[in-house]
Amino acid sequence: MVALPFLGRLSFLLLIATTTTTAFAIGIHHGSIIWKPSSGVSNFREAPKFRNGDVCGTNASERIHIAMTLDVNYLRGTMAAVLSVLMHSTCPENTEFHFLWGKYEPEVLVSINSTFPYLNFRLYHFDSDRVRGKISRSIRQALDQPLNYARIYLADMLPPDVKRVLYLDSDLVVVDDIVKLWEVDLEGKVLAAPEYCHANFTKYFTDLFWSDKELSSTFNGRKPCYFNTGVMVVDVDKWRQGGYTPKVEEWMALQKQKRIYTLGSLPPFLLVLAGNIKAVHHRWNQHGLGGDNLEGKCRSLHPGPISLLHWSGKGKPWLRLDSRKPCAVDHLWAPYDLYGSPDHSLEE
């Protein structure tokens with residue numbers, strides 16, 4: 001695939017309509033689904049089929065495994081994220097998606113099949129009972145949903161043949177070949193993600209935490225930096241072997257007893273792993289485009305190269321676009337929007 005400048009790729013987006021062939025793997029047959037349109041889920045257009053590379057193998061060792069959660073409230077974002085990955089991948093046919101769902105909604109599955117008829121994906125049910133009683137109220141209700149904690153249990157849900165997985169949030173788009181992130185050398189670490197050591201790390205935990213010498217000593221011997229859990233490359237085997245799921249759960253249990261943080265599933269990740277991950281270039285998570293967690297005010301892009309745009313925070317681009325009050329960065333998401341008529345994403 002010819003490399004295009006970032007903004008050039010966006011303007012070129014709607015002109016691309018080449019073909020590809022990908023496998024289809026799903027354990028639920030179409031004939032067993034009776035679909036009743038609801039919530040506008042049926043209003044997604046079929047995505048183009050992409051074949052971007054001249055030489056793409058089909059060996060299992062070349063497959064890229066991407067995990068995402070599947071929620072009807074974020075489906076529009078998920079569709080855009082999947083489209084962006086396929087569009088910019090040299091070998092989109094080598095990508096396999098692993099969707100984690102909490103509540104079975106057949107119309108969501110039908111929409112994925114009709115929008116991406118050649119998509120290679122598997123479905124996994126996340127039992128919300130696994131985190132029931134473990135979730136503490138945070139500063140934003142969306143962060144308290146059980147599915148937001150599913151990423152902690154990836155190693156328990158994925159099959160043994162998946163040795164590495166790339167976890168992606170649903171409120172982002174990829175504007176580069178995802179294989180570049182996928183192939184990062186973990187250098188023996190269990191997880192890779194962009195680190196932000198300039199951020200004020202202390203704000204992710206309460207004064208109660210920092211004033212307790214025993215609790216704050218968890219970072220002794222480490223140089224902890226903030227990282228965003230919406231974009232992570234995870235060594236699944238190392239995660240299992242290291243028992244990282246119970247380690248995260250231990251901090252969640254303590255949070256129920258003492259208020260040591262205010263943000264959903266992020267802080268326990270930081271408590272266990274901050275300062276002990278493989279750092280990758282910031283270009284792979286231009287995050288915070290959704291503003292803060294309270295007001296979601298508009299933010300500008302950070303300087304530097306961009307490979308992934310992430311609307312973490314309260315403001316989501318599809319909602320702001322529909323409200324006719326978009327932020328400037330939301331127009332970078334709009335060309336990937338498959339909802340509605342073909343010119344829907346181009347409307348002011």
Atom pairs and distances, donor-acceptor, side-chain atoms in residues 272-282, under 3.5 Å, two or more places apart:
from	atom 1	to	atom 2	distance (Å)
N276	OD1	K189	NZ	2.8
K278	NZ	E187	OE2	3.1
H281	ND1	R283	N	2.9
H282	NE2	E195	O	2.4

Smallest separation among heavy atoms of T218 and R222, with atom names: O-NH2, 2.9 Å

Centroid-centroid distance, Y226 to F201, less than 6.0 Å: no

Apply the ring-ring contact (aromatic ring centres under 6.0 Å, His included) test between W318 and each candidate in W311, W333, F44; give the one that qualifies. W333

Before giving the answer on salt bridge (Lys or Arg N to Asp or Glu O under 4.0 Å), spell out for R164 and D235 the whole-Å C-alpha distance, their side-chain angles and the decisive distance to 0.1 Å. CA-CA 5 Å; R164 172 183 288 212; D235 184 320; 5.9 Å; no

So L119 and F97, side-chain contact (heavy atoms from CB on, under 4.5 Å) or not? Walk me through it. CA-CA 8 Å; L119 191 67; F97 287 87; 3.6 Å; yes

Donor-acceptor contact present, side-chain R151 to main-chain N148, <3.5 Å: yes

Ion pair present between D129 and R132, side-chain N to carboxylate O less than 4.0 angstrom? yes

Between H88 (side chain) and I178 (backbone), is there a donor-acceptor pair under 3.5 Å? no

Using only atom types and a distance under 3.5 Å, with no angle test, would you say the side chain of T95 pairs donor to acceptor with the backbone of I64? no

Does H125 form a side-chain hydrogen bond (donor to acceptor under 3.5 Å, both in side chains) with Y104? I'd like the steps, not just the answer. CA-CA 8 Å; H125 176 237; Y104 177 57; over 6 Å; no

Got a sec, which pairs hit disulfide bond (SG atoms under 2.5 Å apart) with one end in residues 166-268, sequence neighbours left out? C197-C225

When you measure from the side chain of D177 to the backbone of S89, do you find a donor-acceptor pair of N or O atoms at a distance under 3.5 Å? no

Donor-acceptor check, side chain of S84 to backbone of V174, threshold 3.5 angstrom: yes or no? yes

Write out all pairs satisfying salt bridge (charged side-chain N to carboxylate O under 4.0 Å, His left out) with one or both partners inside residues 152-161, taking only residues at least two apart or from two chains. R122-D161, R130-D156

Does the pair R259/D207 count as a salt bridge with the N-to-O cut at 4.0 Å? no

